[in-house]
Amino acid sequence: MSSDEKPDGRPAAPRSLAEALRARDDASLAALLRARPDLVTPVPTDLTQLATRAGTRASVVRALERLDRFALQTAEALAVAGDPASYDELLGLMAGDDGDAAVAAALPHAVGTLREQALVWGGDDRLRLVRTARELLSPSPQHPSPTGLGPTVQEATAGMSPGRIQELVAAAGLPSTHDAVSAAAALTALFTDRERMAKLLGQAPPEAREVLSRLVWGPPYGQVTADPAAHLRWLLDRGLLLPTAPGTVVLPREVALHLRGGRAHRETEPVPPPVEPAGPTGTRQGSPQVVDATAAGQAYTALATVEELLKDWDEGGPAVLRAGGLSVRDLKRTAVALDVSEPVAAFWVELAYAAGLLASDGEADERYAATPAHDEWRERPAADRWAELAGAWLAATRTAGLVGGRDAKDRTLAALGPGLDRSVAPEVRRRVLALLAALPAGTSPDPGSVLARLRWERPLRGPQQEDDLRSRLARWTLQEAELLGVTGRGALSSHGRALLGAPEPQAAGGTPGIPDTPGDKLPVHHRTVPAGAPAAGSVPPGPADPQARAAARAAAARLLAPLLPEPLDHVLLQADLTAVAPGPLQRPLADVLDVLADVESKGGATVYRFTPASVRRALDAGRSASDLHAFLAAHSRTPVPQPLAYLIDDVARRHGHLRVGAASAYVRCDDDAVLNEILADKRSAALRLRRLAPTVLAAQADPAALLEGLRALGYAPAAESAEGDVVITRADARRTPPRTPPEPVPEGPPVPDATLLTAAVRAIRAGDLASTAPRKTPGTPPAPGELPRTSPAETLATVQAAVLTGEALWIGYVNADGAASQRVIAPVRVEGGFVTAYDHTADEVRTYPLHRITGVAELADD
């Protein structure tokens with residue numbers, strides 16, 4: 001009979017978490033490492049080290065924070081139960097004396113989740129919460145239990161005098177005992193006996209029962225005076241209130257559980273709250289076709305907004321603050337230019353930055369500008385451009401909603417500045433969209449029910465806060481998804497569903513997103529989370545493979561493309577010097593028209609206005625008057641109005657009549673009367689002009705300032721090069737050097753992929769074999785965890801003998817970096833100071849220098 005079996009042949013109960021992990025299969029170990037990725041970095045050497053790491057405070061806190069509300073309530077109940085506790089005791093604490101069918105049905109899954117995440121171990125007759133979790137969740141005066149329960153009678157009476165305890169026993173009607181321990185046990189037995197306890201409380205004064213009712217659901221501590229009232233004295237004399245410090249009393253846990261009907265929590269939540277559709281007063285409902293059309297319209301608006309932002313920054317955007325980011329003034333200017341509010345402007349700026357379309361130029365006078373990737377992005381089809389924006393938003397950890405807030409040092413958080421990364425943002429975005437995807441197609445959710453569901457899936461430990469970060473991220477996600485066109489009228493669109501990688505919506509009926517309880521027909525101790533399944537309330541991280549993400553974006557683009565309007569190749573010219581674009585324009589037409597005219601209004605149709613300044617801008621860009629006439633005639637469905645033709649000819653006639661070059665700067669003109677007019681104009685005094693020749697004026701201002709000054713006076717000067725040629729200026733001349741989009745800041749260690757999980761489990765198993773294999777050690781056996789120690793002669797002799805017999809050996813080895821490890825090897829050859837052996841730990845043939853082997857031992861026969 002093995003030491004790991006009972007006399008009846010059943011597996012023996014594990015004596016530690018390490019033994020419980022050792023009994024798991026590889027799939028279960030992989031599920032643990034996937035659910036708690038901090039355990040795999042670096043890979044533990046064996047299962048004992050894995051168990052030790054799983055019990056550290058930081059790792060346990062992280063695991064508790066990722067439990068859903070019911071699993072966390074189960075862990076809290078185990079923290080106030082006995083150690084160990086039976087499954088029936090736990091069920092009583094969760095369901096109460098009267099029972100609760102929903103709790104009974106959901107509890108096996110919750111216990112399985114805690115087991116799978118190595119927070120609970122042992123069979124159903126001996127459930128043990130890991131010690132660190134018990135310390136975190138158990139009641140104490142400094143850290144009250146989330147259950148509202150206080151200490152047990154045994155804990156509360158630990159510092160009480162034996163005489164006082166005997167007085168409590170006698171006042172409660174119990175026979176006296178011989179020691180304080182048995183007296184406390186007698187009180188505990190009385191308080192846990194429902195019939196005797198009910199009889200005792202039936203004798204209590206009404207005021208005393210009122211005091212107990214105020215303390216029963218917590219906090220269990222109260223204040224009393226040195227001379228308490230009669231009803232308080234009655235409680236104190238019978239141990240129903242126990243003193244913990246001068247003037248402070250506590251309600252013992254057993255008394256509170258009796259008054260609660262055995263329940264550890266006032267309200268248990270075994271089932272996640274459903275995401276409800278929006279009511280008549282909420283977000284409007286629509287058919288899937290209406291939702292898709294609305295979302296597509298908003299997606300087109302999003303593309304136009306980002307393009308307008310980048311066009312506005314084409315020639316160099318706002319300056320970068322010394323601490324990084326946009327100034328408040330520049331953000332306001334951007335909001336005015338985009339005709340949106342400042343928070344929405346911050347969202348578009350951050351979205352363009354996350355997509356790698358804008359960045360700082362890195363110059364001495366650092367400014368923001370479009371990147372070279374922007375030019376490539378503009379040439380792609382509209383649906384592909386939207387998919388790239390939406391994919392960047394979905395994965396970004398930068399959170400635009402924080403702009404304008406304060407950081408930990410009370411500094412204002414600026415758009416594009418530091419301090420905006422929140423690692424949990426991608427997870428919350430995906431989870432919110434996944435909840436929308438679980439609703440019937442075309443259905444928008446009630447935002448309050450979405451927040452309630454998220455709080456159930458990731459409850460806050462400690463005082464609940466309605467405005468916690470996850471709730472704010474969820475609200476921002478709903479708003480940003482609508483701005484971006486992922487949702488329409490509040491409902492998830494078909495292209496948004498494809499971007500998320502979500503399946504088609506389920507048929508109506510049931511509660512979407514509620515996991516079934518696995519193993520309903522299995523014995524309780526076999527009801528665990530399926531290997532590899534996500535924990536309750538966990539959020540699918542989305543496709544980690546770049547190819548899978550690219551495939552999701554491509555699918556979203558394919559669904560969106562038919563819904564976007566086709567670009568037009570024409571405009572409608574009007575006699576009031578305006579042009580109306582009845583829809584989106586083709587890229588070449590839009591680019592030329594953006595230079596030739598100014599946008600006057602936007603909406604379903606865009607109105608452009610022609611002005612002398614806009615026409616001069618087109619001439620500065622190298623267009624001639626004949627080119628502009630031909631362009632308008634080719635792209636207008638209406639005849640070119642005479643006022644517009646006159647405007648172009650008039651500006652072209654005066655364009656280039658004045659020439660500005662670099663002396664510091666100079667102005668030359670064949671008509672000396674024009675130069676006389678400029679010198680006589682008092683407004684030109686700031687330019688500090690002086691005549692060098694009848695047709696030349698010199699200025700102390702630089703050429704750019706001179707150009708702007710003359711244009712402000714109403715002239716139309718043209719810049720010229722050193723050779724005397726007219727300088728053609730381009731609107732898109734300024735670009736940053738190549739820049740990569742900002743990398744998302746991950747929350748803790750990344751989730752390991754299948755390859756890493758397989759290798760990690762294999763390495764842990766091999767290391768565990770090396771550390772636990774029975775062995776025959778010559779001389780004094782090493783202490784647990786220590787390497788074997790033998791002399792060089794003994795090591796060489798043992799290895800040479802193993803080559804002849806083919807037996808495996810247990811060795812201690814120190815590598816070139818000084819890292820020590822234990823290994824199980826099967827020596828094949830010994831020569832030249834090296835041993836070649838099959839390493840069972842690494843599952844490969846390796847060569848080891850004999851001088852680095854600290855010692856060797858033969859494995860035991862069994």
Check: Going by atom types only, do D292 and S493 share a side-chain donor-acceptor pair under 3.5 Å?
Finding: no
Next item on the list: Examine distances only and state if a side-chain atom of Y368 and a backbone atom of G325 form a donor-acceptor pair shorter than 3.5 Å.
Entry: yes
Margin query: Test salt bridge (charged side-chain N to carboxylate O under 4.0 Å, His left out) on R398 and E743; report intermediate values, then the result.
Written below: CA-CA 9 Å; R398 292 186 63 84; E743 289 291 334; over 6 Å; no
Checklist line | Residues that Q574 engages under side-chain contact (heavy atoms from CB on, under 4.5 Å), provided they are two or more places apart | finding: D576, T578, V580
Note to self: With heavy-atom distances below 4.5 Å as the criterion, would you say the side chains of L433 and L394 are in contact?
What the structure shows: yes
Notebook entry, point to check: Are the side chain of T301 and the backbone N or O of G297 linked by a donor-acceptor pair below 3.5 Å?
Noted result: yes
Notebook entry, point to check: If you draw a 6.0 Å radius around CG in D649, do more than 12 non-hydrogen atoms from other residues or ligands fall strictly inside?
Noted result: yes
Next item on the list: Show your working on salt bridge (charged side-chain N to carboxylate O under 4.0 Å, His left out) between R683 and D681 and close with a plain yes or no.
Entry: CA-CA 5 Å; R683 295 176 296 170; D681 194 329; 2.9 Å; yes
Check: Excluding sequence neighbours, so at least two apart, what forms side-chain hydrogen bond (donor to acceptor under 3.5 Å, both in side chains) with S327?
Finding: D330
Checklist line | Short N-O contact, R711 and D620, less than 4.0 angstrom | finding: yes
Note to self: Show, in sequence, the C-alpha distance, side-chain angles and deciding distance for T412 and R406, and conclude whether the side-chain hydrogen bond (donor to acceptor under 3.5 Å, both in side chains) test is met.
What the structure shows: CA-CA 5 Å; T412 302; R406 316 291 291 187; 2.4 Å; yes
Notebook entry, point to check: Do R431 and E457 sit within salt-bridge range, that is, some charged N less than 4.0 Å from a carboxylate O?
Noted result: yes
Notebook entry, point to check: Partners of R688 by side-chain hydrogen bond (donor to acceptor under 3.5 Å, both in side chains), sequence neighbours excluded?
Noted result: Q700
Checklist line | Salt bridge E307-K311, side-chain N to carboxylate O under 4.0 Å | finding: no
Notebook entry, point to check: Do you know which of V486, L499, L483 makes side chain to side chain contact (heavy atoms under 4.5 Å, CB included) with W393?
Noted result: V486
Margin query: Check whether D598 reaches the backbone of R609 with its side chain - one donor and one acceptor, N or O, closer than 3.5 Å.
Written below: no
Margin query: Strictly distance-based, threshold 3.5 Å: is any side-chain N or O of E482 a donor or acceptor partner for the main-chain N or O of R489?
Written below: yes
